[in-house]
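Atoms considered below: every heavy atom in the structure, side chains included; atoms not considered: hydrogens, waters and symmetry mates.
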Amino acid sequence: MRLLPRPRTPAALGAWLRLALLLWGAVGMGCGWPVPLPPAGELPPTREGRVALYERTLRAYLQRGRIPLIQVGTSLGGWRDAAALTAGMDRAGVALAAVTAPDEAALWEAVRQHPDRLVPLTAEAAGDAWWKGGAAFPASLERQLGRGAAALGPLLVGGLSLPGEEGQRRREALGALFRLAGEKRAPLILDMPPEDGDVGQLERLAAAHPAVQAVWTGAGHLPRQEMNPGYGHALLRALSLRHANLAFGLTTLPPPEPSPVIRPRRNLLYDPGGRFSPEWQALLDARVDHFLTGSSAGENSADYARRLQAYRRLVLDALTPASRERVAYQNAWRLLTGREWRE
């Protein structure tokens with residue numbers, strides 16, 4: 001009869017140790033179990049009250065040794081309800097999401113239900129309303145800012161270099177949005193395909209409105225496979241050096257699947273084998289104040305948490321500790337509140 005359990009073998013101990021380290025790393029990066037939060041109560045009527053609620057959420061994560069994420073530009077369109085989104089956020093360690101929606105009423109109802117997790121942006125523009133809507137469209141955005149939206153957008157813009165009257169109207173419309181952002185001291189978030197002429201127009205407007213904080217979303221992602229991969233780290237480094245007021249929302253799309261042949265990449269953050277690109281890592285560490293965690297098309301599917309967990313593991317974990325916290329939440333905090341994060 002054995003009175004004491006048989007000692008574990010070194011192999012078994014090693015397996016348990018590896019599992020414990022893996023779980024500890026996942027929790028430390030913000031994944032795993034949800035962080036318990038005190039009841040949020042009603043949506044505060046003032047900006048100061050809402051910012052205090054956001055800060056309380058972030059500090060709850062930090063007090064438990066978790067690095068929180070703030071994701072900027074998440075669309076509620078396609079989600080069953082806001083509770084499904086916040087459940088995915090819990091699994092992925094996303095403390096706050098700056099959200100938009102096709103319907104303004106639905107957007108604010110979601111924010112009312114989750115005032116400590118969802119930061120309101122302006123509602124999504126229908127089709128070409130951003131340049132065809134005339135004076136009514138900027139007026140609607142101005143009204144939403146007065147209601148409490150933290151930023152303008154994300155606005156899907158493009159065709160800025162088209163010839164003729166249409167191109168002129170598009171350029172004038174985007175210029176009017178930059179002027180509105182400057183007058184209201186609101187960030188402007190742009191979802192813009194990386195076309196040569198459009199990038200040139202964005203540079204002109206950023207230079208003409210240096211007080212406007214503009215964010216170009218989808219950094220690292222090529223919407224079409226045939227697009228020039230030169231729209232990668234070298235271009236964004238140059239833009240960040242030329243324009244202090246231009247920031248970039250990193251794509252959270254997953255790395256490419258392993259393949260025996262080299263295929264054209266649409267997600268430039270990763271090498272063909274799925275490893276975070278050393279060039280992008282060097283860029284983020286060198287120009288870290290210009291980058292934050294963005295959203296990606298199609299994130300309303302069941303793999304939301306898996307995508308964000310992969311982004312944490314492959315991208316954020318590769319950065320220096322200081323850069324990791326800037327990209328994870330501190331830059332987005334400054335964008336949405338106009339304040340530096342205080343430790």
Does [Y] offer a backbone N or O that forms a donor-acceptor pair with the side chain of [X] under 3.5 Å?
| X | Y | result |
| --- | --- | --- |
| Asn245 | Val212 | yes |
| His290 | Leu246 | yes |
| Thr251 | Gly294 | no |
| Gln201 | Gly159 | no |
| Glu279 | His233 | no |
| Asp103 | Ala105 | yes |
| Asp191 | Thr217 | no |
| Asn331 | Phe291 | yes |
| Asp116 | Pro39 | no |

Would you call [X] and [Y] a side-chain contact if the rule is heavy atoms closer than 4.5 Å?
| X | Y | answer |
| --- | --- | --- |
| Leu174 | Leu155 | no |
| Thr74 | Val99 | yes |
| Tyr61 | Ile67 | no |
| Thr100 | Ile189 | no |
| Trp131 | Val157 | no |
| Trp216 | Leu236 | yes |
| Leu336 | Leu121 | yes |
| Leu284 | Ser323 | no |

Apply side chain to side chain donor-acceptor pair (under 3.5 Å) to Arg171 and Gln168, showing your working.
-> CA-CA 5 Å; Arg171 291 188 290 275; Gln168 181 65 24; 3.2 Å; yes

Could you report the tightest heavy-atom contact between [X] and [Y], atom names first, then the distance?
| X | Y | answer |
| --- | --- | --- |
| Glu325 | Tyr329 | OE1-OH, 2.6 Å |
| Thr57 | Ala95 | CG2-O, 3.7 Å |
| Ala305 | Gly88 | CB-O, 4.0 Å |
| Ala150 | Val119 | CB-CG1, 3.8 Å |
| Glu55 | Trp333 | CB-CH2, 3.7 Å |
| Pro138 | Leu180 | O-CD2, 3.7 Å |

Verify the neighbour count for atom CZ of Arg185: are there more than 12 heavy atoms of other residues, nucleotides or ligands below 6.0 Å?
->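 At most 12 heavy atoms, drawn from other residues, nucleotides or ligands, come within 6.0 Å of this atom.
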
Glu172 CD: over 12 foreign heavy atoms closer than 6.0 Å |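 Count over threshold, so yes.
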
Could you measure the distance from the [atom1] atom of [X] to the [atom2] atom of [Y]? Nearest 0.5 Å is fine.
| X | Y | atom1 | atom2 | value |
| --- | --- | --- | --- | --- |
| Leu37 | Arg117 | CG | CZ | 6.0 Å |
| Thr122 | Leu141 | OG1 | CG | 5.0 Å |
| Arg169 | Asp128 | CZ | CG | 9.5 Å |
| Leu118 | Arg112 | CG | CZ | 12.0 Å |
| His114 | Leu43 | NE2 | CG | 12.0 Å |
| Trp341 | Arg59 | CH2 | CZ | 4.0 Å |

Carefully, step by step, assess Tyr54 and Thr337 under the rule side chain to side chain donor-acceptor pair (under 3.5 Å).
-> CA-CA 10 Å; Tyr54 307 151; Thr337 68; over 6 Å; no

Would you call Glu166 and Arg170 a salt bridge, taking side-chain N to carboxylate O under 4.0 Å as the test?
->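 Arg170 and Glu166: salt-bridged.
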
Do the charged groups of Glu104 and Arg143 touch, with an N to O distance under 4.0 Å?
->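 Salt bridge present between Glu104 and Arg143.
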
Examine [X] and [Y] and state if one hydrophobic cluster contains both, with Ile, Leu, Val, Met, Phe, Trp and Tyr joined whenever side-chain heavy atoms are less than 4.5 Å apart.
| X | Y | answer |
| --- | --- | --- |
| Leu314 | Leu69 | yes |
| Ile70 | Leu53 | no |
| Leu156 | Val215 | no |
| Val199 | Leu268 | yes |
| Leu96 | Leu62 | yes |

Are a donor atom and an acceptor atom from the side chains of Thr46 and Glu48 found within less than 3.5 Å of each other?
->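 Not at all, the side chains of Thr46 and Glu48 share no donor-acceptor pair under 3.5 Å.
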
So, Glu195 versus Ser161: side-chain donor-acceptor pair below 3.5 Å or not?
->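 Judged by distance alone, the side chains do not pair up.
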
Audit row: Asp285, Leu319, side chain to side chain contact (heavy atoms under 4.5 Å, CB included) steps and yes/no | CA-CA 7 Å; Asp285 278 328; Leu319 303 177; 3.9 Å; yes

Give the C-alpha distance, both sets of side-chain angles, the deciding distance and a yes or no for side chain to side chain contact (heavy atoms under 4.5 Å, CB included) between Leu253 and Tyr270.
-> CA-CA 10 Å; Leu253 287 172; Tyr270 302 98; over 6 Å; no

Take Thr252 and Ser295, measure what side chain to side chain contact (heavy atoms under 4.5 Å, CB included) needs, and give me the verdict at the end.
-> CA-CA 6 Å; Thr252 55; Ser295 186; 5.6 Å; no

Is there a side chain to side chain donor-acceptor pair (under 3.5 Å) between Gln330 and Glu343 once you walk through the steps?
-> CA-CA 10 Å; Gln330 291 177 359; Glu343 296 296 343; 3.1 Å; yes

Would you please classify the geometry between the Tyr304 ring and the Trp79 ring as parallel, tilted or perpendicular, with 30° and 60° separating the classes?
->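 Answer is perpendicular, since the angle exceeds 60°.
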
Assess whether side chain to side chain contact (heavy atoms under 4.5 Å, CB included) is satisfied between Asp289 and Arg334, documenting all intermediate values.
-> CA-CA 10 Å; Asp289 285 345; Arg334 182 183 62 204; 4.2 Å; yes

